[in-house]
Amino acid sequence: MDEGARNNLSLGGNLWQLASVDERAVEMMVQRYALPYIVAKIMVLRGIGENEVESFLNPKINALMPEPFVLKDMQKAAERISNAIVEKQRIAVIGDYDVDGATSTSVLKLFLKSVGIEPDIHIPDRDEGYGPSKKAVDDFKAKGTQLLLTLDCGTTAFEPLEYAASLGMDVIVIDHHEAEVKLPKVYAVVNPKRLDEENDYPYLKYMAAVGVVFMTVVAVNRCLRQRGFYTADRSEPDLKKWLDLVALGTVCDVVPLKGLNRAYVAQGLKVMASRSNKGLKVLMDKANLSDVPNAFHLGYVLGPRINACGRVGDANLGRELLCCDNDYQAELLADKLNEFNVERKDIENYVLLEAMKQVEGVAQQYPIAFVYGHDWHQGVIGIVAGKLKERYNVPAFVMSVEADEVKGSARSIPQVDLGALIIAAKEKGIITKGGGHVMAAGFSLEENKIEEFRKFVGEYVISKIGDEAITPVVEVDGIVDVGGANVELADYMEKLEPFGAGNAEPRLLLKAVRIVRPSLIGVGHVRCVLTSDNGSYIKAIAFRVGDNDIGNAMLNSKGEKFDVLGVLRHDKWNGRNEVQFIIEDLRRA
């Protein structure tokens with residue numbers, strides 16, 4: 001990095017870059033829809049065209065979901081599942097142990113239960129490993145399973161699924177993970193990421209598994225309706241009542257909130273606000289979540305609690321809670337999830353500290369964080385990988401060395417596609433199995449292959465980004481005056497929700513402000529008031545900065561002027577209708 005760029009670094013170690021935009025497109029949107037300039041600019045930056053404004057601000061599933069049968073094998077799969085329902089065949093389901101897996105299996109189970117089928121469900125724990133196994137297949141065969149469905153897994157599980165097919169089961173894969181040219185030789189594979197899929201609806205590739213499952217349920221329901229399955233004595237289920245689970249899985253799997261995903265989450269949050277799912281209602285109560293839920297609550301309050309059971313406890317408990325219809329049972333399950341979440345945090349902190357010891361103070365040959373340990377709980381390695389990626393701004397690979405194999409998890413930066421990296425490593429025989437998305441992946445390998453894998457990963461990453469350390473560049477959506485950061489603007493910002501992958505919460509810049517009355521509160525948070533030369537002011541807070549340069553500068557500002565980067569949010573505490581600025585970074589003005 002040259003000296004000029006280094007001098008422009010913020011106190012958080014970032015380079016700020018004001019997003020450039022097509023000003024003509026912004027002006028057209030302002031005039032046509034009477035939007036504030038900053039709001040129109042943000043929508044143009046998010047890739048929203050002039051004719052897409054209405055569907056973005058008011059996303060509707062009916063408008064954004066195409067015919068389910070546009071996906072390959074969907075017609076075949078829906079007809080086979082409807083046959084199994086009509087003939088009351090034995091159906092078994094294998095899911096995944098994360099939130100996407102829990103919500104996927106819950107949506108399917110609740111639908112099947114509503115049409116008179118009680119499926120057998122298996123959620124592998126982390127010791128068993130991701131996806132279907134021969135043991136699970138044998139167990140289902142012994143129970144007389146005729147139709148086996150795999151959810152959020154199965155696209156590359158060739159051996160166990162072809163084994164199941166050889167035993168006489170019809171196998172249907174409903175998944176969203178990266179696919180290879182080869183697919184399992186089974187009855188049907190429904191996956192928008194199949195390499196032979198059409199590209200008429202590109203946003204379908206962004207769906208979480210629960211989104212694909214919901215489309216499948218819509219398709220099956222349509223087949224049942226056409227067959228006259230629903231009668232005066234057997235009413236058709238209201239599929240929309242399960243959109244709260246679709247929203248939860250979509251947000252927690254960090255897929256882009258574009259197109260249909262945006263509609264899933266927007267409509268699902270409305271369903272969740274009614275608190276009709278007993279398990280979710282109790283979990284929200286236990287988390288002291290009394291506000292109307294938003295995407296943040298799904299990703300950072302509810303999701304981690306459901307994920308915790310798959311990480312350090314019984315992987316099946318999350319799915320049981322989401323399907324629970326008994327208040328007392330829901331209380332017990334929610335308490336268990338909270339206990340697992342506390343335990344998960346303790347284990348995670350230990351592994352993170354051990355991992356940082358391997359990275360810091362040690363010369364690194366490649367621009368990656370590559371760490372492993374023999375006593376690391378595999379349930380937290382994904383979270384630790386994410387934190388290492390955030391801390392060092394490089395792809396992070398974290399591995400737990402088990403007695404029989406090494407299990408790993410990785411998180412990436414935008415320049416490095418982990419799904420492609422893992423497929424390439426598997427094709428070379430360096431890892432035994434693995435799969436994932438652009439930004440996240442899981443994998444397994446033999447212990448004697450660790451250093452070969454390090455070299456492969458390091459050289460792969462260098463081929464994409466070079467071997468220099470990358471300085472994080474933070475894109476600034478727009479500049480606002482302190483006086484303009486008001487309730488009206490916060491109301492408009494709310495219309496841009498849900499925020500998440502692909503639609504980040506807008507980052508705003510307040511220029512040349514003073515920090516007044518700073519004080520340390522809670523566990524390392526700094527609260528203050530930001531003022532401008534024209535007398536305008538706004539309440540502000542920076543979280544977890546008490547021990548870093550940002551917090552030190554705030555607490556010792558003494559009238560110095562700063563440029564402040566952050567997000568604008570409502571402050572409705574105790575019935576107030578005010579705003580506050582959430583500070584993410586500072587730079588001396």
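Residues: numbered from 1 along the sequence shown.
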**OP:** Describe, in one word, how the ring planes of Phe397 and Phe453 are oriented to each other, choosing from parallel (under 30°), tilted (30 to 60°) and perpendicular (over 60°).
**Re:** perpendicular
Original post:
Who pairs with Trp16 by side-chain hydrogen bond (donor to acceptor under 3.5 Å, both in side chains), at least two apart in sequence or on another chain?
Top reply: Asp585
**OP:** Would you give the length of the straight line joining atom CG of Asn261 to atom CG of Leu64, rounded to the nearest 0.5 angstrom?
**Re:** 10.0 Å
Subject >> Check: Asn552 main-chain N/O paired with Asn556 side-chain donor or acceptor under 3.5 Å >> reply: yes
Original post:
What is the distance from atom NZ of Lys511 to atom OG of Ser532, rounded to the nearest 0.5 Å?
Top reply: 14.0 Å
**OP:** Start with the C-alpha distance between Lys389 and Ile368, add both sets of side-chain angles, then the distance that settles side-chain contact (heavy atoms from CB on, under 4.5 Å), and finish with yes or no.
**Re:** CA-CA 9 Å; Lys389 185 265 292 188; Ile368 57 175; over 6 Å; no
**OP:** Salt-bridge test for Arg391 and Glu360: reply yes if a basic N is under 4.0 Å from a carboxylate O, no otherwise.
**Re:** yes
Original post:
Are any of the side-chain heavy atoms of Val359 and Phe370 separated by less than 4.5 Å?
Top reply: no
Original post:
Nearest heavy-atom pair of Pro304 and Leu298: which atoms, and what distance?
Top reply: CD-O, 4.4 Å
Original post:
Considering residues at least two apart in sequence or located in another chain, which fulfil the side-chain hydrogen bond (donor to acceptor under 3.5 Å, both in side chains) criterion with Glu494?
Top reply: His570
Original post:
Counting only heavy atoms not in Tyr537, do more than 12 fall under 6.0 Å of its OH?
Top reply: no
Original post:
If you look only at pairs with a residue in residues 248-279, which of them pass as a ring pair (Phe, Tyr, Trp, His ring centres under 6.0 Å), with sequence neighbours excluded?
Top reply: Phe214-Tyr264
Original post:
Checking Asn534 side chain against Ser536 main chain: does a donor-acceptor pair fall under 3.5 Å?
Top reply: yes
Original post:
Can you list the steps and then say if Val39 with Leu489 is a side-chain contact (heavy atoms from CB on, under 4.5 Å)?
Top reply: CA-CA 8 Å; Val39 175; Leu489 181 58; 4.2 Å; yes
**OP:** Take Ile583 and Phe543 through the test side-chain contact (heavy atoms from CB on, under 4.5 Å) and record every step on the way to the result.
**Re:** CA-CA 8 Å; Ile583 298 172; Phe543 294 110; over 6 Å; no
For residues 513-525, which side-chain donor-acceptor pairs fall under 3.5 Å, sequence neighbours excluded?
| residue | atom | partner | partner atom | Å |
| --- | --- | --- | --- | --- |
| Arg514 | NE | Gly559 | O | 3.1 |
| Arg514 | NH1 | Asp533 | OD1 | 3.0 |
| His525 | ND1 | Arg544 | N | 3.0 |

Subject >> Spacing of Leu283 atom CG and Leu322 atom CG [to the nearest 0.5 Å] >> reply: 8.0 Å
**OP:** Give a yes or no answer on whether the side chain of Glu475 reaches the backbone of Val473 with a donor-acceptor pair at less than 3.5 Å.
**Re:** no
Subject >> Non-hydrogen side-chain atoms of Val251 and Val265 separated by less than 4.5 Å >> reply: yes
Original post:
Any ion pair linking Arg576 and Asp571 (charged N to carboxylate O, less than 4.0 Å)?
Top reply: yes
Subject >> Contacts of type side-chain hydrogen bond (donor to acceptor under 3.5 Å, both in side chains), residue Glu578, not counting sequence neighbours >> reply: Lys539
**OP:** Decide yes or no for Leu496 and Met493: does some side-chain heavy atom of the first lie under 4.5 Å from some side-chain heavy atom of the second?
**Re:** yes
Original post:
Hey, does the side chain of Gln580 reach the backbone of Ile541 with a donor-acceptor pair shorter than 3.5 angstrom?
Top reply: no
**OP:** Might you confirm whether atom OH of Tyr33 has over 12 heavy atoms from other residues, nucleotides or ligands at distances under 6.0 Å?
**Re:** yes
**OP:** May I ask you to decide if Val487's main-chain N or O and Asn577's side chain share a donor-acceptor pair within less than 3.5 Å?
**Re:** no
**OP:** Mind checking side chain to side chain contact (heavy atoms under 4.5 Å, CB included) for Glu339 and listing every partner two or more places apart, or none if nothing turns up?
**Re:** none
**OP:** Give a yes or no on whether a salt bridge exists between Lys387 and Glu390, defined as a side-chain N under 4.0 angstrom from a carboxylate O.
**Re:** no
**OP:** Could you tell me which residues satisfy side chain to side chain contact (heavy atoms under 4.5 Å, CB included) with Ala553, sequence neighbours excluded, listed by chain and number?
**Re:** Leu11, Phe562, Leu586, Arg588
Subject >> Residues Asp285 and Arg275 bridged, charged N to O under 4.0 Å >> reply: yes
**OP:** Please check if the side chain of Asp291 supplies one atom and the backbone of Pro293 the other of a donor-acceptor pair under 3.5 Å.
**Re:** no
**OP:** Would you name the heavy atoms of Arg319 and Ser106 that are closest together and state the gap between them?
**Re:** CG-OG, 3.4 Å
**OP:** Mind checking salt bridge (charged side-chain N to carboxylate O under 4.0 Å, His left out) for Arg305 and listing every partner two or more places apart, or none if nothing turns up?
**Re:** none
Subject >> Arg262 side chain reached by Ser55 side chain, heavy atoms, under 4.5 Å >> reply: no
Original post:
Is the backbone of His377 close enough, under 3.5 Å, to the side chain of Ser400 for a donor and an acceptor to pair up by distance?
Top reply: no
Subject >> Point-to-point distance, once rounded to the nearest 0.5 Å, from CG of Asp314 to CG of Leu317 >> reply: 4.0 Å
**OP:** List the atom of Cys309, the atom of Leu337, and the distance in Å for their closest heavy-atom pair.
**Re:** CB-CD2, 3.5 Å
**OP:** State whether Phe340 and Lys336 meet the cation-pi test: NZ (Lys) or CZ (Arg) under 6.0 Å from the six-membered ring centroid, and within 45° of the perpendicular axis.
**Re:** no
Subject >> CA sep, side-chain torsions, deciding dist, call: Arg587, Leu565, side-chain contact (heavy atoms from CB on, under 4.5 Å) >> reply: CA-CA 8 Å; Arg587 184 177 66 190; Leu565 186 65; over 6 Å; no
Original post:
Is the number of heavy atoms from other residues, nucleotides or ligands within 6.0 Å of NZ (Lys286) greater than 12?
Top reply: yes
**OP:** Consider only side-chain N and O atoms of Asp375 and Tyr350, and report whether a donor and an acceptor are under 3.5 Å apart.
**Re:** yes
Original post:
How far does CG of Asp417 sit from CD1 of Ile422, to the nearest 0.5 angstrom?
Top reply: 10.0 Å
Subject >> Spacing of Leu45 atom CG and Asn503 atom CG [to the nearest 0.5 Å] >> reply: 11.0 Å
Original post:
Can you name the closest pair of heavy atoms from Val526 and Gly551 and give their distance?
Top reply: CG2-CA, 4.3 Å
Subject >> Polar side-chain atom of Arg569 near backbone of Val579 as donor-acceptor pair, under 3.5 Å >> reply: no
Original post:
Within the side chain of Asn294, is there an N or O that forms a donor-acceptor pair under 3.5 Å with the backbone of His297?
Top reply: yes
**OP:** Taking side chain to side chain contact (heavy atoms under 4.5 Å, CB included) as the test, write out the residues that go with Gln267, two or more places apart.
**Re:** Lys60, Ile61, Leu243, Lys270
**OP:** Output every pair passing salt bridge (Lys or Arg N to Asp or Glu O under 4.0 Å) with a member in residues 16-44, not counting sequence neighbours, ordered by first then second residue.
**Re:** Arg32-Glu50
Original post:
Considering all heavy atoms of both residues, which atom of Ala420 and which atom of Tyr460 are nearest to each other, and what is their separation?
Top reply: CB-OH, 3.7 Å
Original post:
Taking all non-hydrogen atoms of both residues, which atom of Cys528 and which atom of Met554 are closest, and how far apart?
Top reply: SG-CE, 3.7 Å
Original post:
With Arg527, which residues qualify under side-chain hydrogen bond (donor to acceptor under 3.5 Å, both in side chains), at least two apart?
Top reply: none
Subject >> Counterpart residues, side chain to side chain contact (heavy atoms under 4.5 Å, CB included), relative to Ala209 (two or more places apart) >> reply: Asp100, Ser104, Asp152, His176
Original post:
Between Asp563 (side chain) and Ala512 (backbone), is there a donor-acceptor pair under 3.5 Å?
Top reply: yes
